[in-house]
Amino acid sequence: MKKINILITIIILSSFSLTAQNKDTKKADKHFARFEFIEAAEDYKKLVEDGKADTYVYKRLADSYYNIFNTVEAERWYAKALESSQDPETIYKYSQMLKANGKYEESNQQMAKFASMRPGDDRAVAFKQNPDYLPKILEKGKKFNVQNMGFNSQVSDFGGTFKDGKLYITSARNSNRRTYGWNEQPFLDIYTLTKNSDGTYQPAVLLDDKINTKYHEGIVSFSPDGNTMYFSRESFFEKIYEKDSITKNRYSVLHLFRAKKSGANWDNVEGFPMNSKNYSIKNPSVSSDGKTIYFASDMPNGYGGFDIYKANINDDGSLGEPVNLGQKVNTEGQEMFPYISDNGTLYFSSNGHLGLGGLDVFHTKEIDGKIAPIRNIGIPVNSNADDFAFHLDEETGEGFVSSNREGGVGSDDIYAIKKLQPLCDVLITATVTDIKTGKPLNAATVTLNDEQGNKVVSKVTNTDGTAEFIVECSKNSVLEVSVDGYESRQVAVKGTEEEEVNVPIALDPIEKLIAADRIELAPIYFDFDKSNITSQAAFELDKLVQIMNKYPELVISATSHTDSRGSASYNERLSDRRAKTTVQYVISKGIDKSRITGMGKGESEPKVDCGTNCTEDEHQLNRRSEFIIVSGSPQAQ
């Protein structure tokens, strides 16, 4: 016990040394106190390299980068500081840097920790007020009309693949089959139904014994020309199964097959090499170009039970290596019944994503090799039961979904669906052009930000000057565009439920910002009583950096102003900090420190002379920065 107490005492005493200045940090602290954050960061990093770093150094290093809006490095060193300290404010700043770098899940985790430590903080309260997911799903409104089909039986019927005038379904209605233990229904077979001119269907016809066996067959998919059918079949047919040594029960898996059309029938049925006795492959869906097949499998190294995979269909008909669609699609639960539509939208069923109960239908799309956000398709397609085997003709808006919801005819029923409204993903197409010539600008960087200014993703325009983004409908966004030689722009995109939004963005040459005696940027505003560079300030200052890079003789004096709140002497010190922070940001972007100086003007030169009756907007106009040309003006050349 005595040894334990001594050890605890040593740890406590050591912790004090980790959170205070010392002789090693003196030089760096001096730079930090002078708002020389670049030099401070260099000195703190030297301490790290020399093995003299502690929590205090990591925190100061992170703060140095935070103040000049170097979000990547700030994130890195806040994380390091938090390894040995759980300071709430450090946690909050860390969460903000994670968010700025697009790491929303990690950011939310840190915010949850912050909220638990400071539950009364307004930032914590706002975070905890985020609404539950269920109302969001229910409030989407009915995007589809759903109607039970008249051909359903008293047993399980599901699927619904329409090809060459015939509807292919899977059903347990064949009473000549023996039943299986899962639900005491007959084994599943594949049937076809022909649609009448009035929309009804003729009686279901059983496919021949080249396809159907005395064991299970699943839903089908076709090559674009309709001459190849893909389906799953139980491995008992191939005498592949595992036998329990104790119970003597036999356990099969599902294998993937294809068949070739031969007149009105199907023949040449063969399995694929990827089939295994150790896992199942089921629910095939072939892309509209016939080059990719999607399926569900519980093969090893997945994320949960069944995952969604895809594989290339080679020219000789063989399949490439299966590729797991990743953790954004697949969860620790079950993801099954993928359907890839003509426009590349992937629909699938899952009980791992947030839904209404059982299996819900979700949809997403792959853009530039990345999966768009996973969306619950909403009611009435989804219910609190299992909803699966979704198929949709994107052109007609008609399709099918299967469900075991209440009110059906059998255990699983097939429902016809008709799309009434667009689904909730919006395609934003930004087109960037030269404002004078109208010509498209290639290789412009377009960044999609959310309404709070957090970066979501950046893309580069193609030769047509376009870049595409998928966003959630009804959410406001901001597009930020930059390219060498032109003034950067930010364009607000109002949230909508339209499927596509085209955003033209015409850019002025960067020289438009150069006046006779100053660089005319949009005002560099600071938050009340703050001096750190914000994302909006960084956007404007990057324009100044671009101009100074283009005109190397240009020398700038940055002046900072405050509003009238606070004493004159305090405001003078505050404005001086803001000016120095502004200068530090510009230097951090590679501009020589001899080319830019900073000076605080306090409240002595208000933009709006409103005395003691200023509105909040007027106060913000007064706390600004301006950029005066000292020498090297391009207009004088």
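With no hydrogens or angles considered, a side-chain donor-acceptor pair links Ser594 and Asp592 at under 3.5 Å. Between Thr447 and Ser458, the side chains place a donor N or O and an acceptor N or O closer than 3.5 Å (distance only, hydrogens not considered). Side-chain atoms of Asp434 and Tyr486 include a donor-acceptor pair closer than 3.5 Å. In this structure, a donor-acceptor pair under 3.5 Å is present between the side chains of Tyr551 and Glu511. With hydrogens and angles left out, the side-chain atoms of Asp307 and Asn324 include a donor and acceptor closer than 3.5 Å. Side-chain atoms of Asp63 and Tyr44 include no donor-acceptor pair closer than 3.5 Å. Donor-acceptor pairing under 3.5 Å is recorded for the side chains of His31 and Glu36. Between the side chains of Tyr78 and Asp87, no donor N or O sits under 3.5 Å from an acceptor N or O. A side-chain donor-acceptor contact under 3.5 Å links Thr331 and Glu335. Side-chain N/O atoms of Ser482 and Thr445 include no donor and acceptor closer than 3.5 Å.
Under the 3.5 Å distance criterion, the side-chain polar atoms of Ser477 are left unmatched by any main-chain donor or acceptor of Asp450. No donor-acceptor pair closer than 3.5 Å links the side chain of Ser85 to the backbone N or O of Leu82. At distances below 3.5 Å, not a single donor-acceptor pair connects side-chain atoms of Asn67 with backbone N or O atoms of Asn532. Between the side chain of Gln584 and the backbone N or O of Ile38, at least one donor-acceptor pair lies under 3.5 Å. Put simply, the side chain of Asn462 never gets that close to the backbone of Asn442: no donor and acceptor are under 3.5 Å apart. Of the possible polar contacts, one joining the Asn622 side chain to the Lys607 backbone as a donor-acceptor pair under 3.5 Å is found. Ser567 contributes a side-chain N or O that, together with a main-chain N or O of Tyr570, makes up a donor-acceptor pair within less than 3.5 Å. The closest donor-acceptor contact from the side chain of Asn476 to the backbone of Gly495 lies under 3.5 Å. A donor-acceptor distance shorter than 3.5 angstrom exists from the side chain of Asn549 to the backbone of Val545, with no hydrogens or angles considered. When atom types are taken as modelled, the side chain of Thr433 and the backbone of Ile435 share no donor-acceptor pair closer than 3.5 angstrom.
In this structure, OG on Ser488 lies 8.5 Å from CD on Gln490, to the nearest 0.5 angstrom. Summarising the geometry, atom CD belonging to Gln536 is positioned 6.0 Å from atom CD belonging to Glu540; distances are rounded to the nearest 0.5 Å. Put simply, CD1 on Ile628 and CD1 on Ile556 are 8.0 Å apart, with the number rounded to the nearest 0.5 Å. Atoms CG and OG, from Leu521 and Ser625 in turn, are 10.0 Å apart once rounded to the nearest 0.5 Å. Note: Ser531 OG to Lys580 NZ = 11.0 Å, rounded to the nearest 0.5 Å. Atom NZ in Lys601 sits 12.5 Å away from atom OG1 in Thr562 (nearest 0.5 Å).
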Discussion item. Quick one, Arg489 with Glu480, criterion salt bridge (charged side-chain N to carboxylate O under 4.0 Å, His left out). Give me CA distance, side-chain angles, the key distance, then yes/no.
Written reply: CA-CA 6 Å; Arg489 277 192 64 189; Glu480 183 178 301; over 6 Å; no

Practice prompt. Apply side chain to side chain contact (heavy atoms under 4.5 Å, CB included) to the pair Asn449 and Val456, showing each step before the final yes or no.
Written response: CA-CA 5 Å; Asn449 297 306; Val456 178; 5.7 Å; no

Fill in: Derivation of the side chain to side chain contact (heavy atoms under 4.5 Å, CB included) call for Val491 and Val478
CA-CA 6 Å; Val491 178; Val478 176; over 6 Å; no

Item to complete: Please report the C-alpha distance between Thr90 and Lys59 in whole Å, then the side-chain angles of each, then the deciding distance to 0.1 Å, and finally whether the side chain to side chain contact (heavy atoms under 4.5 Å, CB included) criterion is met.
Response: CA-CA 8 Å; Thr90 302; Lys59 171 69 164 54; 3.0 Å; yes

Worksheet entry | CA sep, side-chain torsions, deciding dist, call: Glu42, Lys45, salt bridge (charged side-chain N to carboxylate O under 4.0 Å, His left out) | CA-CA 5 Å; Glu42 290 175 353; Lys45 284 189 73 174; over 6 Å; no

Worksheet item: Between Thr466 and Thr429, does a side chain to side chain donor-acceptor pair (under 3.5 Å) hold up when you go through it step by step?
Response: CA-CA 7 Å; Thr466 63; Thr429 302; over 6 Å; no

Worksheet item: Does the pair Leu554 and Ile547 meet the rule for a side chain to side chain contact (heavy atoms under 4.5 Å, CB included), with working shown?
Response: CA-CA 8 Å; Leu554 196 61; Ile547 293 171; 3.7 Å; yes

Worksheet entry | Chi angles and distances behind the side chain to side chain donor-acceptor pair (under 3.5 Å) call for Tyr585, Asn70 | CA-CA 9 Å; Tyr585 178 88; Asn70 187 332; over 6 Å; no

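You'll find the side chain of Val457 reaches within 4.5 Å of the side chain of Phe469, heavy atoms only. Considering only heavy atoms from C-beta on, Val583 stays 4.5 Å or farther from Thr581 through its side chain. Residues Val426 and Ile470 have side chains not in contact (no heavy-atom distance under 4.5 Å, counting atoms from C-beta outward). Using a 4.5 Å heavy-atom cutoff, the side chains of Thr582 and Ile533 are in contact. Counting heavy atoms from C-beta on, the side chains of Val586 and Leu544 come closer than 4.5 Å. Contact check for Leu346 versus His363: no side-chain heavy atoms found under the 4.5 Å cut-off. Side-chain contact between Phe348 and Ile374 is present, with heavy atoms from C-beta onward closer than 4.5 Å. The side-chain heavy atoms of Ile524 and Arg624, taken from C-beta on, include no pair separated by under 4.5 Å.
Heavy atoms only, all atoms of each residue included: Pro322 and Tyr309 are closest at CB-CD2, 4.2 Å. Between Ala516 and Ile629, the shortest heavy-atom contact is O-CD1, 4.4 Å. The heavy-atom pair separating Gly453 from Ser535 by the smallest distance is O-OG, 4.4 Å.
Taking a cutoff of 4.0 Å between a charged side-chain nitrogen and a carboxylate oxygen, Lys46 and Glu49 do not qualify as a salt bridge. Under a 4.0 Å N-O distance rule, the pair Glu616/Arg565 qualifies as a salt bridge. A salt bridge does not link Lys27 to Glu39: none of the charged side-chain nitrogens sits closer than 4.0 Å to a carboxylate oxygen. Between Glu73 and Arg76, at least one side-chain nitrogen of the basic residue sits less than 4.0 Å from a carboxylate oxygen of the acidic one, meeting the salt-bridge criterion.
Atom CD of Glu321 is surrounded by 12 or fewer heavy atoms from other residues, nucleotides or ligands within 6.0 Å. More than 12 non-hydrogen atoms from other residues, nucleotides or ligands lie less than 6.0 angstrom from NZ of Lys459. By the neighbour-count criterion of 12 heavy atoms within 6.0 Å, atom CD of Gln620 is densely surrounded, having more than that number from other residues, nucleotides or ligands. By the 6.0 Å contact criterion, NZ on Lys593 is open, its count of non-hydrogen atoms from other residues, nucleotides or ligands being 12 or less.
The salt bridge (charged side-chain N to carboxylate O under 4.0 Å, His left out) test with Glu487 singles out one residue from Lys550, Lys512, Lys543, and that residue is Lys543.
Under the 6.0 Å distance and 45° angle rule, Arg60 counts as a cation-pi partner of Phe32.
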